[in-house]
Structures are given as C-alpha cells and as structure tokens.
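Within every chain, numbering begins at 1; the chains are lettered A, B, ... in the order of the sequence lines, protein sequences first and strands thereafter. Side chains are part of it too, since the values below use all heavy atoms of this structure and drop only hydrogens, waters and symmetry mates. Because the structure is predicted, anything quoted here is derived from the model rather than measured.
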There are 2 protein chains.
Amino acid sequence: MRFGLRHIRYFIAVAEELHFRRAADRLCIAQPALSRAIRFLENDLEVQLFDRSTRSITITPAGQTFFEGCLKVVNSVEHLVENTRQVDEGQIGALQIGYTDTAISGVLPSRLKEFQDLHPGINLKPHHDVTTTQLDKLDQGILDVGFVTGPVTRPGYEQCTIQSERFVCVVYDSHPLAPRGTLRLEELSGESIVHGASNEWQHFHSHLIPMCRRAGFELRIAQEAYNTAGILGLVACGMGVTLLTGSVRNALIPGLTVLELEDVDEELQTMAIWRADAANASQSFFADFLMHARLEAPAL
Amino acid sequence: MRFGLRHIRYFIAVAEELHFRRAADRLCIAQPALSRAIRFLENDLEVQLFDRSTRSITITPAGQTFFEGCLKVVNSVEHLVENTRQVDEGQIGALQIGYTDTAISGVLPSRLKEFQDLHPGINLKPHHDVTTTQLDKLDQGILDVGFVTGPVTRPGYEQCTIQSERFVCVVYDSHPLAPRGTLRLEELSGESIVHGASNEWQHFHSHLIPMCRRAGFELRIAQEAYNTAGILGLVACGMGVTLLTGSVRNALIPGLTVLELEDVDEELQTMAIWRADAANASQSFFADFLMHARLEAPAL
DNA sequence: AGCGCATGATGCCCTTTTGGCATCAATTCT
DNA sequence: AGAATTGATGCCAAAAGGGCATCATGCGCT
C-alpha cells in the first residue's frame, strides 16, 4: 500500500466527475498527471476502479466501494486536523478539577459554570478530595487544578484566592447557645467539638488549633467525621458543636443553627492551585480565567 | 493540508516509540528523514505534536489527540483496501434476485442456501415478481438474476433450467373429482377455472392455453387472483379448480386435493436468467454456480 | 466514408519531495 | 572532563509528481 491521501483525493474527484479532464480542472492539475495518479492507485490496489472506453468512464463495483470509503477517510482526516488544532488551542480538552467541601459549597460551582460558558469545548471533571489528597494528585498529574484550603506554599505552583470566609459555629437548635445568634469563641471551651478526621482535615485544623489556643482552650475533637455532611449530621443529632465557615449555610440540614463568632476576624481562604509549567492549553485558559476573575470575586 | 498517509504512519511510529531513532529503525528509514517528516507534519498542521528536549520527547495533548485519530485513519484505510479487493474478487457484494411463486415453492430456496454457504460475503436480496416484471427489471439492471417461468428467448442473456415440473390440477376436497387421485385434462372442460391475472401470468398461460386446446376445450378463467396463494384461496372456498405445477404441494392450505394429469407429459420449466455481459464478480460467481449445479439438479 | 472533435494514454523533461550520509548541538552518564 | 546518546541540520542523490506536447481511439456530423 504505497498510495497516499493525494491519490485518494484525486480518485474522489474522478469518481464524482466521471471525467478525467473535468476532475483535473477541479484539482488544478493537468489531465495526464491525474490519469497517471489513478493508474498508479489501481496498480497499487491491484483493483480496477474504472471501466474506461476512450469516450467515457464508469466506476466498477469495487471502485464504488472504494469511493464510499475514501469519502469517509478524507472526512475523518479533516475532522482529525480540526480537532487536533482545537486541542492545541485549548478550545477542547479536559480538566481534572479537585475540590473540597468548603470550596464546593461556596463560589466554586458558579465559577465553574462561568468558565464552562466561556469554553464549552472543555470538559470539566470534578473530583472531591481533601486538600492534602489534592496536592498529591496535582504532583502526580492526576489533577490539573485543585480548589483547596489555604494557605499552601508549593514551589512550582501558581495559585490565587477564590474565596475568603469568616469562621462560624454550628450548633443543634436545642443547644443553650442557639438562641444567642452570636458568641465568643472562648464560650466553646467546655463544649464537645465535632469535626473532620485530623489527618485529612489538617489544613482546616491548622486554623482552628491556634485560634482556640488564643481563645484560651485546646481544640479537642470529641467526634470525627469524614466530610461536612457527616460533621453536620453528628451535630444535628446532638453529638456536639462544630466550627466551619460561612458557606456552610448553603449546606445546612434541618435542626441546625449557625452562630457568628464575635471575636474571630481571621478568615479561611479557599485557593485555586495549579502547576506553573502547565503545558496544556486548557489549563492555561483556566488559569487565566481564575487570575482575571478573582478581581471581581465578592467576599463571602 | 499537504501531509499524506506516509506522514501519518511515520507519526504513529514516533508517537508509539517516543524515540526518533527507534521509530526510524522500525520504519526502515534514516532518523534525519523521520525528523524532517515530523517537522513537516507539525508545520503543516500548525500544531506542535511533540515536546522535544535533546535527550527525549513527550507527546503533547494535541499530539495525543492526533495520534488516536491517526490510528483510526490508518485502520480504516487498511480495511477499505481489504474491502475493495474483496468486492473486486466478488467475495463480498450484493445480488438482486427475482423469483416467481413457482420458483420459490420449488428448489430455489435450497439452491440459494447452497450458494450462500459457498459465498457468505455475498448478500442475496430476493424480490418477488412475475416473469414479465422480472425480465423488465433485468433489462433495467434492477435485478441481477431472475428465476422465471420458461421458455424465454432474450438476446444478450444466459439462462439455465433449474427445475422442471409436471402440471397438476388442484381441487377443493368436496369436489366430485377429488377422490379420483388422477384425471384426464379433458375432464376439466366444464369446470370453472381459477387462475392468475392474464397479463401478469402470461408465461404460465402460454403453456395452459395450447394444452387445453389439445384436450379439446378453450381455457377460460372464471376467477382471477394475483399469486399462487390467492389462487389456492379461491379454490379452497369452492370458486373452482386450478392448474398449477407439482411444487404447489409445498404451499398447500387445508381443504385442497392435488390430482395428477394422466394425459399431460409436458412440463413447466423454471429458468434462471441473467445478462451475459455481467461485469459484477458476484454475478459471475452466481452464474458459475447455476451452470455447474444444474448438472446435479434432481428433476421434481 | 471521411473529417473533426473529444477523451484518455504516453513520452519527455523539469520541479518538488523524500531519503541517506555526515555532522552538529545539547544533554546525560561515567 | 570525556564518552555516549539524542534529535536537528546541511548537502546531495533518488524518486515521485506534474506540465506540455502528442498519440490513439471512438463518436458524431456532413
């Protein structure tokens, strides 16, 4: 099989015109060149594609079969080129996106939707993971972008803040503090605290621990869960109280009350983070989008 | 788009080996030629397909997309060539086959099955038509082969007998002649005859008319139907009797009796007929099959 | 029948493409 | 530092592709 795409294109022209000179005109080459190209193709295939009388040609059944296949081949090559260029330009592609509970209950969904509208060809694939897991997966190239609990310092990565939220306390409705509306952190020193497992939630706890210490008590977690829904579930059934961020109001279940913390001004930052050396054009688009959009990001 | 199948094949080798020299070895060309071919491809696509460091190369996301498409293209071209050759050799193809009621209730189905077993790649497409319609469709090229009621004389066609059957009389069970088992044709002179419409069944009637005349009466059709099932239906409900051939025993419905004709030795021939100039390889196979198989064809 | 015309094929020659060889530049391994 | 390996480049030869002129054949017209 020594023929190429050129032979296929030439053959299509002849099969459609059933006339060498007209086909040659269409292809902008001289008729003899076309005659020879088709003859070469027939020799190469060892199949006669046209029946020639000196006055006219007709296509053989084998030629017809070949013709239909040629159309498909040329078509798929053209689509392939188009697709390849789009991937190169980042118009189509896939992004593996990691997110934490905190990120997903805040501004992330609307951010992703905005991006999706801008780049409908890019397939966004979200993966729920805690911060530490996301950082590992970014290193391994499994994730392209992570939405994690800051602060994070990683050489070779770029990042930007997409959300900054006050901490809040969540209690069950019948808790004595519930009617208060606000409270001071030190008032929780005697409470049972429900929170995430310490190895997985370490980024979150790295805020809570010094915060509680400043308020005069040591954070001690009485009940562990593995995600926000689990924590809230335990709180709702009276196992204790918890400390989360404002966006938890978007994920509340009945029976819970959110209380502002009067004496805590520190906020929890949710960061987008991605490799600085992103070769992938889709990644660059996403990075540009995040860097630009953060300017208008409303604080929650 | 100036690249050809060669570039695609070269690209596949490089993408699989991720190593120019090894890929060049595999392709049996020198490494510089391959380097240039890939560079040409990249220029042509205006897309970088590989990231090169002097020590190694990696494929870009666009390159990966292109690679997957290239595999499909090469595959489909190979299949296309294979298919085209098979059509050329007649191993695959389609045959439009006409048949009459008489043909289909006789040996035709088993003949077709034999042929299908010999050439599983050839798609047999049967079409029910009376003899005259089949002959028209053969002229128009709509049918490749007809199974018709003989005799037929057509210049430019070849034919062979596939079946020769005695005429029989079919009566309803309660008919006075039914218990007789056999009868002489002249005994039907007073009977109501049920048969096919005269314009469509003219080839069949061209046997019946002189036959009846020899027996001393004129064929007069009291009730017309448009196919064997219709004729038998009318006979069964007592509208008259009919004259068909032995193979009708394969298509009987309850309430009918078949009677041999003692004094009629003439037989009705079912012929296969096809254009002598059949270009199509499948047609040639079928013609060869019929010409050969007729030797062993048992008379019915 | 003879002529002109249209069609596809062929011969010759030039241009472009492709490939091989020697070599270079950059990086890695020892 | 030096050897080795890898992809890129320069240069030349071979092959493929294409244009032009021309040929052979069949068709239609007079």
Side-chain angles (χ1 to χ4, degrees), chain A residues 1-60 62-64 66-67 70 74 77 277 279, chain B residues 1-60 62-64 66-67 70 74 77 277 279:
Chain A
M1 205 203 305
R2 309 184 40 68
F3 67 90
L5 288 180
R6 194 166 30 81
H7 295 99
I8 290 181
R9 294 207 187 89
Y10 287 7
F11 170 74
I12 289 175
V14 176
E16 285 179 350
E17 301 284 350
L18 286 177
H19 196 290
F20 276 76
R21 194 183 47 73
R22 278 201 301 275
D25 287 350
R26 197 172 106 182
L27 294 165
C28 299
I29 60 169
Q31 167 265 316
L34 183 57
S35 273
R36 273 186 304 237
I38 299 298
R39 191 161 289 284
F40 175 89
L41 184 59
E42 289 182 323
N43 284 335
D44 195 34
L45 289 171
E46 303 173 297
V47 169
Q48 192 171 338
L49 299 171
F50 296 104
D51 283 320
R52 299 152 165 86
S53 81
T54 48
R55 292 291 292 182
S56 67
I57 57 174
T58 49
I59 195 161
T60 62
Q64 185 63 34
F66 191 64
F67 172 62
C70 282
V74 168
V77 169
D277 63 350
Chain B
M1 205 203 306
R2 311 183 39 70
F3 68 89
L5 288 180
R6 193 170 33 84
H7 295 99
I8 289 182
R9 295 207 185 85
Y10 287 7
F11 171 74
I12 289 175
V14 176
E16 284 179 351
E17 300 286 350
L18 286 178
H19 196 288
F20 276 76
R21 195 183 47 72
R22 278 201 303 274
D25 287 350
R26 198 171 106 181
L27 295 165
C28 298
I29 60 169
Q31 167 264 315
L34 183 57
S35 273
R36 272 187 303 238
I38 299 299
R39 191 160 289 283
F40 174 89
L41 184 59
E42 290 182 322
N43 285 335
D44 195 33
L45 289 171
E46 302 173 296
V47 169
Q48 192 171 337
L49 299 170
F50 294 106
D51 284 320
R52 300 153 165 85
S53 81
T54 47
R55 291 293 289 183
S56 68
I57 58 175
T58 49
I59 195 161
T60 62
Q64 184 63 34
F66 190 65
F67 172 62
C70 283
V74 167
V77 169
D277 63 350

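Nearest to the side-chain atoms of A:Ile57 among the listed nucleotides D:dA8, C:dG8, D:dG19 stands C:dG8. Considering only the side chain of A:Phe20, C:dG8 comes nearest among D:dG17, C:dG8, C:dT10. Side chain of B:Ala33, nearest nucleotide from C:dG8, D:dG19, C:dG20: C:dG20. Nearest to the side-chain atoms of A:Ala30 among the listed nucleotides D:dG18, D:dG19, C:dA9 stands D:dG19. Checking C:dG20, C:dG8, D:dA8 against the side-chain heavy atoms of A:Gln31 singles out C:dG8 as nearest.
To the nearest 0.5 Å, atom SG of residue B:Cys70 and atom CG of residue B:Leu49 are 8.5 Å apart. Atom-to-atom distance recorded for A:Asp51:CG and A:Thr60:OG1 is 6.0 Å, nearest 0.5 angstrom. A distance of 9.5 Å separates CG in B:Leu45 from CZ in B:Phe40, rounded to the nearest 0.5 Å. Within the model, atoms CD of B:Gln48 and CG of B:Asn43 stand 10.5 Å from one another, a figure rounded to the nearest 0.5 Å. One finds the NE2 atom of B:His7 at 13.0 Å from the CE atom of B:Met1 (value rounded to the nearest 0.5 Å).
Regarding contacts with the backbone of D:dA8, a side-chain N or O of B:Ser35 is found under 4.0 angstrom from either OP1 or OP2. Note on B:Arg52: a side-chain N or O is less than 4.0 Å away from OP1 or OP2 of D:dA8.
At whole-Å resolution of the value, CD1 in B:Ile29 and P in C:dC21 are 12 Å apart. Per the geometry, CG belonging to A:Leu5 stands 17 Å off P belonging to D:dA16, to the nearest Å. In this structure, the CZ atom of A:Arg39 is 16 Å from the P atom of D:dG17, given to the nearest Å. Here D:dG17 presents its C1' atom at 15 Å from CZ of A:Arg9, a figure rounded to the nearest Å. Atom P of nucleotide D:dG17 and atom CD1 of A:Ile38 are separated by 12 Å, given to the nearest angstrom. Taking atom CG on B:Asp51 and atom C1' on D:dG7, their separation rounds to 14 Å, with Å as the unit. Atom CG of B:Leu41 is separated from atom P of D:dG7 by 17 Å (rounded to the nearest Å). Rounded to whole Å, the distance from CG on A:Leu34 to C1' on C:dT10 is 15 Å.
Of the residues near DNA chain C, A:Ser53 and A:Arg36, the one whose nearest nucleotide (by heavy atom distance) lies more toward the 5' end is A:Ser53. Across the interface with DNA chain D, nearest-nucleotide mapping of A:Arg55 and B:Ser56 shows B:Ser56 to be the residue nearer the 5′ end. Where A:Pro32 and A:His19 each meet DNA chain C at their nearest nucleotide, the meeting point lying more 5' is that of A:His19.
Taking only distance into account, the side chain of B:Arg21 never meets the base of D:dT6 through a donor-acceptor pair shorter than 3.5 Å.
Looking at heavy-atom distances under 4.0 Å, B:Arg2 makes contact with sugar-phosphate atoms alone, never a base. Within the nucleic acid shown, B:Phe3 has no heavy atom closer than 4.0 Å to any nucleic acid atom.
Between B:Phe50 and B:Phe11, the ring centre distance stays below 6.0 Å.
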